[in-house]
Each structure stands twice: as C-alpha cells, then as structure tokens.
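All remarks here apply to the structure that follows.
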Number of protein chains: 2
Amino acid sequence: MATLNDVAKVAGVSPTTVSRVINNYGALSEKTKTKVFAAMRELNYAPNNLARSLSGKKTQLVGLIFPSVSNPFFGELVATLENSLFAAGYKTILCNSANNADKERAYLRMLAANQVDGIITSTHNLGITEYQKIALPIVAFDRNLAPTIPIVISDNYQGGRIASEALIAQGCRHIVMLVSSAGTSEPTNARQQAYADVMAQHGLTPTVTPLGFNTVASVKRITIRTMLQNQPIDGIFCSDDLTALLVLEEAAKLGIDVPTQLKVIGYDGTQFMRDYHPELATIQQPFTGLGQLLIATLTACINDQPPKHLAPLPVQLRPGETLNADWA
Amino acid sequence: MATLNDVAKVAGVSPTTVSRVINNYGALSEKTKTKVFAAMRELNYAPNNLARSLSGKKTQLVGLIFPSVSNPFFGELVATLENSLFAAGYKTILCNSANNADKERAYLRMLAANQVDGIITSTHNLGITEYQKIALPIVAFDRNLAPTIPIVISDNYQGGRIASEALIAQGCRHIVMLVSSAGTSEPTNARQQAYADVMAQHGLTPTVTPLGFNTVASVKRITIRTMLQNQPIDGIFCSDDLTALLVLEEAAKLGIDVPTQLKVIGYDGTQFMRDYHPELATIQQPFTGLGQLLIATLTACINDQPPKHLAPLPVQLRPGETLNADWA
DNA sequence: GAATAATTGTCAAGCGTTTGACAATTTGAC
DNA sequence: GTCAAATTGTCAAACGCTTGACAATTATTC
C-alpha cells in the first residue's frame, strides 16, 4: 500500500504538502495540487483512515444496530439509512442484534473500540445504565433507551387511530388487533392505545391478541387460525404487514373472503409490500423521512447540538383491496 | 475515553504489562491479570482498534458489497454473513452498491482506505482490471469478477435442471422461463442453460423471457400479464422467488388456477418465502452453507491460502402447492 | 541463602497521518 | 530590482497501541 510519503516522493513535493492537499488546508497552488493528485492516481493511493482518525479526524463510521436485515422492514430501513449515510460521507457498520442482549453488549463495546462517530439503534435489550455508559452519540428509532437518548418515531398513535377508524368506517364491528411487539413501554404500543381508544369511542370492545416478536411464523399461523375459527371477527388490525400476510393466507385457507367477510389492515408499508402485495391496506410509515431525520439527528448529536424535541413524523393510510374491495 | 495508560495507572502496573494482558503475550501471573482486568472494567476500557491496527494488528473488518439489503434475498444472505462474521470476530461494513458503478468504485476505495481485511461481493459493475487493482482479499458470490478472484456458488445448472424437470414431470409442456438477471456471462445463467437443455431433451421448445433485474415490479407485472394472456402456457420457471410471486398474483387476477392450469416454480428459497409463501415450490439455495463457505474462503485468502477449487454447493427442490396440489 | 526461573518494568521505535511553528523559496506587482 | 505576498519545505510532536531488547524485581526450589 502506498503511503503519503510515497506520494510525496513521486510528486516531488514534501509530505506536508501532500497532507495539505488531502485536507485542503494552507496555501496551495493549482500546479502542485495537480502534481499531487496525479501522483495519488498513479499510485492508486488512498489515505489510511486509521492513521487519519488516530490523529484527530473523525472516523466517519456509524454503527447500525437492528434486529436483523432479514426482516424486510428493517432491511428497507437499513438500506435507506446506508444510502443516506454514504451520501453524507459515512460508512456503515452493520450490527444484527438478533434481540440478543449479550450480542448487543458486545456490539456496543466493539463500536466504541472502533471509534465510531455515532450509533443508530432500534433494539433495546440492555438496561438504561448500559446505554448511558456509552459516551457516544446515539439516536434511537422507535425505542425508549434512556431519557437522554433522542428518539425518532412516526406517529404511532395516529397510525393506530387511522387504522382502527378505517376498519370501523368500512362497517367492521368485531375488530381484533394483532400485535407482535414484545415490550410494554415501547412507543409502538401507542398503536394499541389508539386502537383501544377508538374502539371505546365507538362503543366497541377492543381485543388485543399478542403474537410475540420472535415467534416463528408457523406458530403465529396457528394462533391466527384458531382465532379466526373460534371468534366472530370481521376486521383485523395487524401491528405489522407480515402478520397481515399470515392473516390473509389463513383466511383464504378457511374460505373466509377478504374483504367481504373480513377486512384486514397492516402496518409499515414497505416498498416490498407495495410491489408484491399491493392489495394490502396498511399504514404507511415515512421511510425516507425517518431515515433522513435519524441521520440529521445523529449528525446534530455528533456536532454537540442535540435536538430539543423531535416531533413524530406523520403516517398515512394506504388503501387496498383487503379493506375496500372497490378501492381501485 | 480511557486509554491503555489510564488502565495501567489504575491497576498499578506498567503500560507494557497492560498491553501484554490484552494480547495475552509474554509471562503473566494470574494476580496481575486480575488486577488489570479489574481496572479495565472499572474504567469501561475498550482498546482503540484504530491504534491497534495502525501498529500492525488486523482490523478485523470485512466489507460486504451487495445490491441492496432491501431485497429479502440479499437481506437474508447479509444477515447470515453478518452473524457468522461476528462469530468469527469480524465486523461488517455494509455497502449497498445499488448496481451503480460509481458507487461501487467509491466503496472499493473506501474499504481500502479503512484497511478492511477482506471483501465479499455480489455485484460487478466494474471492469476486471479495477477489481484486480484492489490488493485485497476478495471473494465473490455468484459473480465472475476476475480470473483470480475465487467465486462461491450453488449449483445453478443443477437447480435449473431440477426445476425444469419438475415442471415436465408434472405434465407441463408449454414452459416459459422468466429471468431477471442482467449480464450474459454470469454463473446464474447456467439456470437458463439447464432449462434449455432439459426442454430440448424432452423435445420441447424453450422460451426465455427476460424481465430485467432493475425493472420495477409494476412493469414486470405487465410483461407477465400479457404473456399469460397471449401465450399458451402451463408452466413457469422463475429465476427468483419474487418474480414467482408476481406470476402467482397476476395469474390469480386472470382467473388462472394454480396449479391445475398453470404450475409455477421459483428459485432461492429464503426463510421469508418459507414463512410467508409456503405454497411456492422453489429451488432451495443452501444459505447457511453459502455463508459459511464465503467466510471460510475469505479467511483462507486473508491467511494467504487461496482455495484451489470451489465446488458449487448442492441445491434442492422444495415442493409446494404451486407445483403439485396434493403435495402436503 | 544461593541459584534459577518467572514475572514485571523501562525505554524506544514504529504504524501513517495531522498540524503547528518557522524558515526558505518562488511569484507577482510596481 | 525591490518588497510583500504567496507558496512550499523542514522539523517535530502527537494520536494509542504493539513489540522487542534489556534490566530489575520477585518467586520458587533445593
């Protein structure tokens, strides 16, 4: 690997000058700049980022801690983030926490050891103190990590309300909500709260059926099937789109027609769903907006300007045939 | 951030001793080890990996260049890789090339600048010379990058053969293959070759319809629909599962019953498909095996022991109702 | 308690870069 | 041709750690 000194020799200038060119600092003539750039190209030189960072520069590394990119929701979010981070000059270290506390702890240590500039995370298997001990800029997505850690969310309550009201507006009276989230104090729980509130406002009884975030699909299917068989249900609100898919398939197997007998609405609205299951009505999260806000917030934290307050981003209903047959 | 010197002071030993403990080198008594570890914990110390690597240690960083983790196939593969890499003590730098040559070039530079130990890639938008210029261990997945770069694949020809024969065995005679890959010399093209060979062996006419890897789903749908409407087709072999999904949906819209009127088989067999579309018959790629082989090969390259020859990993048919109604 | 082995300390160079202070040189303007 | 301004060079310290050489200190053993 060519070093800065090699470049200096080839260009016939001093190492300091090369460094000045790289960092665009000090007085420099066009002529030397050209010479140096030519030498860099000739040697296929890339400055050693380790050395640069050691001597004070930022690493331009950001850690992304998410459950797993094998889930299309996180996959899409991570893809969005990675793109924006790249555009902003950052490199992405990917960490799939797999909802494993030990792994997450190891990741935090590792990211610190690698001197990342900041972390964006969407898991929380650790205690608050552990997050606070990290003396690093952190931004959370949809999770309450610690009072001091800024959190970016979309409007979960609003989303829950829109979904519930949409089902009721379509005539549903026996509406069940399926939730697969685990914790109790998570922001996403506002969706359930909204569901419960809306149901109560309409004099209807809310029924929340938990499925467990880490439960395998086949087990979820069984729960869903028994539910469909044993309860009089005409509407289902799923806290994520994948669960909605399971509902649609189990309903089809049982000969329940959607949307005449049963209306279904999901949550998330990934591009994947839009492409491969456009029939599903869902609550559309603003992926791009969330990604940009996450990164803007993180860079703000990196520059010691933590945001005062972060308003939840608006969500919107994406209509579909599972809610309203003659939608199109 | 605490440094090695801080740890030494707290532990009451010399910096050298702390380094010896970290690197487990030289003669060390249990007593000092304990003291040092205690001090490290007390200070929440993590060795600065930049400094370690600068002074000769490996970075334990691996770059992953894939089109995008928003595609469930790559998402799952990347998740698998990340897990295994983590287990092997490596950190993952994620690079979504988005099939953009400039971005890929920038990524290669960036990875080199960050002194990664190696790269695993599954895109190739660049010329051979550009890959060879990278003086870094590279392993390719399903792509021919350069003669010198080892390539890990599953048995594409075998997969194409199994799929084609399965359709024929189920009585299909008018079979179309839908391919979404772009290049002409890619290993995955063996699937088409096998399809063509098998068709010929049975005295049938092969028809390959290209869809374009980067084409949006809605456009693919149109192609598929017109094809279904205008050609007598009783079997479709898709070069990936997502395309198969589109086929199933368009067929349903047209009132074509699967599998009685049309049989469909996909390719890839992600966990996602198994969970959310178990009805789809497909060719199952050995994800875990591929991941492990990719990493084993990369570490071999890193240790200057490039593999002699890499045999394609076997694939297998995963049956499903889209191929055989009474399968279950 | 002497001899030997085991452990720990001291010192310094080096990894590739940045950055500041200062001196030396070149350039341009008049 | 002079002078100031612009440009480039020299030198050295620093970032945090590793590693080797060597000396000094402890433990261990008989």
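What you see is a predicted model; the values in this text were computed from it and never measured. All chains are named by letter (A, B, ...) in the order of the sequence lines, taking the proteins before the strands, and each is independently numbered beginning at 1. For the numbers below, each heavy atom of this structure counts, side chains included, while hydrogens, waters and symmetry mates do not.
- Both R20(A) and L4(A) lie close to DNA chain C; mapped to their nearest nucleotides by heavy-atom distance, the more 5′-ward contact belongs to L4(A).
- Within the 4.0 angstrom heavy-atom criterion, only backbone atoms of the sugar-phosphate kind lie near P47(A); the bases stay farther away.
- The backbone N or O of T3(B) lies less than 3.5 Å from a partner atom in the side chain of D6(B), making a donor-acceptor pair.
- At a threshold of 4.0 angstrom between heavy atoms, the contacts of N23(B) are confined to the sugar-phosphate backbone, with no base atom among them.
- Residue T16(A) is classed as a base contact, given a heavy-atom separation below 4.0 Å to a base.
- Note on N48(B): every side-chain N or O is 4.0 Å or more away from OP1 and OP2 of dC17(D).
- Applying the salt bridge (Lys or Arg N to Asp or Glu O under 4.0 Å) test to pairs two or more places apart or on separate chains, those with a residue in residues 23-40 of chain B are E30(B)-K33(B).
- Rounded to whole angstrom, the span from the CD atom of Q60(B) across to the C1' atom of dC17(D) amounts to 16 Å.
- S19(A) comes within contact range of at least one nucleobase, with a heavy-atom separation under 4.0 Å.
- Contacts of T32(B) with the nucleic acid, taken as non-hydrogen atoms under 4.0 Å apart, involve only primed sugar atoms and P, OP1 or OP2.
- Side-chain N or O atoms of N100(B) include one that pairs as donor or acceptor with a backbone N or O of D102(B) at under 3.5 Å.
- T59(B) and Q115(B) are not linked by any side-chain donor-acceptor pair at a separation below 3.5 angstrom, with hydrogens and angles left out of the test.
- The shortest heavy-atom contact between I295(B) and L81(B) is CD1-O, 3.7 Å.
- Counting to the nearest Å, the P atom of dC15(D) and the CG atom of D6(B) are 12 Å from each other.
- In terms of heavy-atom proximity, I151(B) sits nearest to P187(B) at CD1-CG, 3.6 Å.
- Atom-to-atom, OH of Y25(B) to C1' of dT19(D) comes out at 5 Å; the value is rounded to the nearest Å.
- Contact annotation for L50(A): no contact, since no heavy-atom pair falls under 4.0 Å across all strands.
- Here S14(B) lies in heavy-atom contact (under 4.0 Å) with a base.
- Mapping heavy-atom proximity under 4.0 Å, the span of DNA chain C touched by chain A runs 5' to 3' from dG16(C) to dA21(C).
- Between F141(B) and F66(B), the ring-plane angle classifies as tilted under the 30° and 60° cut-offs.
- Among the atoms of the strands shown, only primed sugar atoms or phosphate atoms (P, OP1, OP2) are found under 4.0 Å from some heavy atom of T3(A).
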